[in-house]
2 protein chains.
Amino acid sequence: MNQSKRYLDIVRDLRDMIRQDNIRPGDRIPSERELAETLQVGRSTIREALRSLELLGLIETRRGEGTFLADHRNNMLVEVLSTFILQDNQSQKDVRETRQMHELAAIQAICADRTISQMGIWDGFRMRLSEEENGFQREDFVRELMVLSGNRLSLKIWVLLHKYSGNPYNGTVSKAEKERLLNILAAIEQQETDKAAQEFKTWSDGLLKERLRNDS
Amino acid sequence: MNQSKRYLDIVRDLRDMIRQDNIRPGDRIPSERELAETLQVGRSTIREALRSLELLGLIETRRGEGTFLADHRNNMLVEVLSTFILQDNQSQKDVRETRQMHELAAIQAICADRTISQMGIWDGFRMRLSEEENGFQREDFVRELMVLSGNRLSLKIWVLLHKYSGNPYNGTVSKAEKERLLNILAAIEQQETDKAAQEFKTWSDGLLKERLRNDS
DNA sequence: ATTGGAAAGTGGTCTGACCACTCATATTGA
DNA sequence: TCAATATGAGTGGTCAGACCACTTTCCAAT
């Protein structure tokens, strides 16, 4: 009963096709007319799917050349979300504050739970922070903390807020940042709640300031 | 020379139109044919812009009815709640903890804001706490704090969580309780953040214990 | 061998035509 | 009179075909 939303099927087909043919970022994908032919749909439907993926920053189109898998993380999404959905500044501020509220509460919950500190997961955490070949994603760091807090509702709310707050943790941690994150982990491990929360907040706020500077 | 990507202009036009006409989440936006007419572009171009925004979750289309601005705040909350109102104990615990997290964060936000303390609203607060003929509702006390925090998103989340956490603040404040609440207010007024949060938590946890005792 | 331009291929856009669905209204039947 | 039904207008969903603007390729004239 695939009633409406054929273009969503196309999005799915494209994803599968990209996976199956091992199309890598920067590579060209079949032309619109070709896709319409093989998928047995109209070209306009193909285009609706492609336009959606383009606004998401997943593909890149060049007139006269073709359509390509995006190689850079395009932050068009960020711009659209921040200027469209969250219409006024107060809403954006509310989302940011509420998200951070959940993050700080997670840290406090982790610190308050003795059993977590004993489980030796911090060593693994540190190891991945150091060894990750492609660089450690900031987002992964925070999400892991949210998971460790054990509050699944808070985690779900966080995921949604994070999605709507313009990728505040986009990017990988630099060398200097790594030191700060290790400090935060150490504070958590030692159950120094206030210090951990304070340092996390400083780090998080710093990222925000940087992002706001870049946007303006 | 933005020759290509007309649909991106449409996205921008739509944003401006929504702002200018003050279209609120859940409201209907003009039909595709109407937009094509007023913006002087083909309907397919309009559709490419709309499909993009739909994949982003910004709008919602219903065949035969029209296109609507997505109520993103409610949607995400509804999603969270619907997947979460499974009645196991862990969920209940998560709801309680998350709700209290928002309450404590509100108190901290109020304490951090000097302008609130100066506005003399605390006297009015105290007065109503003393004079209310039918007794002061606990729920009103907490809600007022949430409102004063100024974070509307947090307030919305709190209202829903409160509804789903078994009316923890049901009932009116007793004489003894009134003293405790006055203490909390005083601490907030003096911007003694930690003390205010601590006393509030004690009061809130006490109510919960009492309720759990009554239920079993 | 170099260069100029045509040809082919691609994305960008518009038009007009259906279809499927919703809703308000008019019509019909009891 | 009132309820059930039929209708028509309006809307999103999809398709086919036609151009346009642009890039790349390749072949022919120099």
Side-chain angles (χ1 to χ4, degrees), chain A residues 1-15 17-18 21 23-72 74 76 80 84, chain B residues 1-15 17-18 21 23-71 75:
Chain A
M1 194 74 74
N2 252 336
Q3 302 225 352
S4 47
K5 321 291 181 199
R6 183 112 91 191
Y7 85 101
L8 285 180
D9 295 337
I10 306 298
V11 169
R12 220 168 278 115
D13 290 341
L14 282 172
R15 186 200 56 192
M17 177 181 301
I18 286 168
D21 298 352
I23 300 178
R24 318 199 60 210
D27 289 352
R28 188 165 167 281
I29 67 181
S31 74
E32 299 179 350
R33 289 170 178 84
E34 200 171 336
L35 287 171
E37 174 73 16
T38 63
L39 297 180
Q40 284 293 295
V41 295
R43 190 179 156 217
S44 51
T45 303
I46 294 288
R47 280 186 63 81
E48 289 183 11
L50 290 179
R51 261 358 91 219
S52 307
L53 293 177
E54 186 182 35
L55 197 64
L56 277 176
L58 300 183
I59 62 175
E60 186 183 343
T61 57
R62 295 199 280 272
R63 178 189 231 152
E65 298 182 59
T67 306
F68 305 82
L69 258 199
D71 39 8
H72 309 308
N74 211 344
M76 191 182 306
V80 172
F84 200 102
Chain B
M1 199 69 72
N2 258 335
Q3 285 278 349
S4 50
K5 322 289 182 199
R6 181 114 89 189
Y7 85 100
L8 284 180
D9 295 335
I10 305 297
V11 169
R12 238 165 246 120
D13 289 341
L14 281 172
R15 183 199 57 192
M17 177 182 301
I18 285 167
D21 298 351
I23 299 179
R24 313 287 311 168
D27 289 352
R28 188 165 168 281
I29 67 182
S31 74
E32 299 179 348
R33 291 170 177 86
E34 199 172 337
L35 287 171
E37 173 74 18
T38 64
L39 297 181
Q40 284 293 294
V41 294
R43 189 177 157 218
S44 51
T45 303
I46 294 289
R47 281 186 62 81
E48 290 183 10
L50 290 180
R51 260 359 91 221
S52 311
L53 294 176
E54 186 182 35
L55 196 65
L56 279 178
L58 303 188
I59 60 175
E60 186 185 343
T61 56
R62 296 199 280 273
R63 178 191 233 152
E65 297 184 59
T67 306
F68 304 81
L69 247 203
D71 199 335
N75 274 352

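Throughout, a chain's letter reflects where its sequence line sits, starting with A, and its residues are numbered from 1. Bear in mind the structure is a predicted one, so any value in this text is a computation, not a measurement.
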Base dG12(D) paired with Arg51(B) side chain (donor-acceptor, <3.5 Å): no
Sugar-phosphate only, base, or nothing, as touched by Thr45(B) at under 4.0 Å among non-hydrogen atoms: sugar-phosphate
Verdict with supporting geometry, Glu48(B) and Ile10(B), side chain to side chain contact (heavy atoms under 4.5 Å, CB included): CA-CA 9 Å; Glu48(B) 290 183 10; Ile10(B) 305 297; over 6 Å; no
d([atom1], [X]; [atom2], [N]) in whole Å:
| X | N | atom1 | atom2 | answer |
| --- | --- | --- | --- | --- |
| Asp9(A) | dC15(D) | CG | P | 11 Å |
| Arg47(A) | dG17(D) | CZ | P | 18 Å |
| Ile10(B) | dC14(C) | CD1 | C1' | 13 Å |
| Glu48(A) | dG12(C) | CD | P | 14 Å |
| Leu39(B) | dC14(C) | CG | P | 11 Å |
| Arg63(B) | dC21(C) | CZ | P | 6 Å |
| Tyr7(A) | dT14(D) | OH | P | 9 Å |
| Arg28(B) | dG10(D) | CZ | P | 11 Å |

From dG12(D), dG12(C), dC14(C), nucleotide with atom closest to Ser44(B) side chain: dC14(C)
Closest nucleotide among dC14(C), dT13(C), dG12(D) to the Arg43(A) side chain: dT13(C)
Approximate separation, where rounding is to 0.5 Å, of Thr67(B) OG1 and Glu34(B) CD: 11.0 Å
5' precedence on DNA chain D between Ile46(A) and Gly64(A) (nearest-nucleotide basis): Ile46(A)
DNA chain D contacts among residues 31-38 of chain B, heavy-atom distance under 4.0 Å: Ser31(B), Glu32(B), Arg33(B)
Any [X] side-chain nitrogen or oxygen under 4.0 Å from OP1 or OP2 of [N]:
| X | N | value |
| --- | --- | --- |
| Arg62(B) | dC23(C) | no |
| Thr67(A) | dG11(C) | yes |
| Thr61(B) | dG13(D) | yes |

Qualifying residues under side chain to side chain contact (heavy atoms under 4.5 Å, CB included), relative to Glu65(A), sequence neighbours excluded: Arg62(A), Phe68(A)
Carboxylate-amine/guanidinium proximity below 4.0 Å for Glu54(A) and Arg51(A): yes
Carboxylate-amine/guanidinium contact Arg24(A) Asp27(A), below 4.0 Å: no
Rounded (10°) bend between the five-pair end axes of the helix from dA1(C)-dT30(D) to dA30(C)-dT1(D): 30°
Side chain to side chain contact (heavy atoms under 4.5 Å, CB included) evaluation trace for Leu50(B) with Leu14(B): CA-CA 9 Å; Leu50(B) 290 180; Leu14(B) 281 172; 3.8 Å; yes
Atom of Ala36(B), atom of Gly42(B) and distance for their closest heavy-atom approach: CB-C, 4.1 Å
Smallest separation among heavy atoms of Leu35(A) and Pro30(A), with atom names: CD1-O, 3.6 Å
Derivation and outcome, side chain to side chain contact (heavy atoms under 4.5 Å, CB included), residues Ile29(A) and Met17(A): CA-CA 9 Å; Ile29(A) 67 181; Met17(A) 177 181 301; over 6 Å; no
Under 3.5 Å donor-acceptor, Thr45(A) side chain and Val41(A) backbone: no
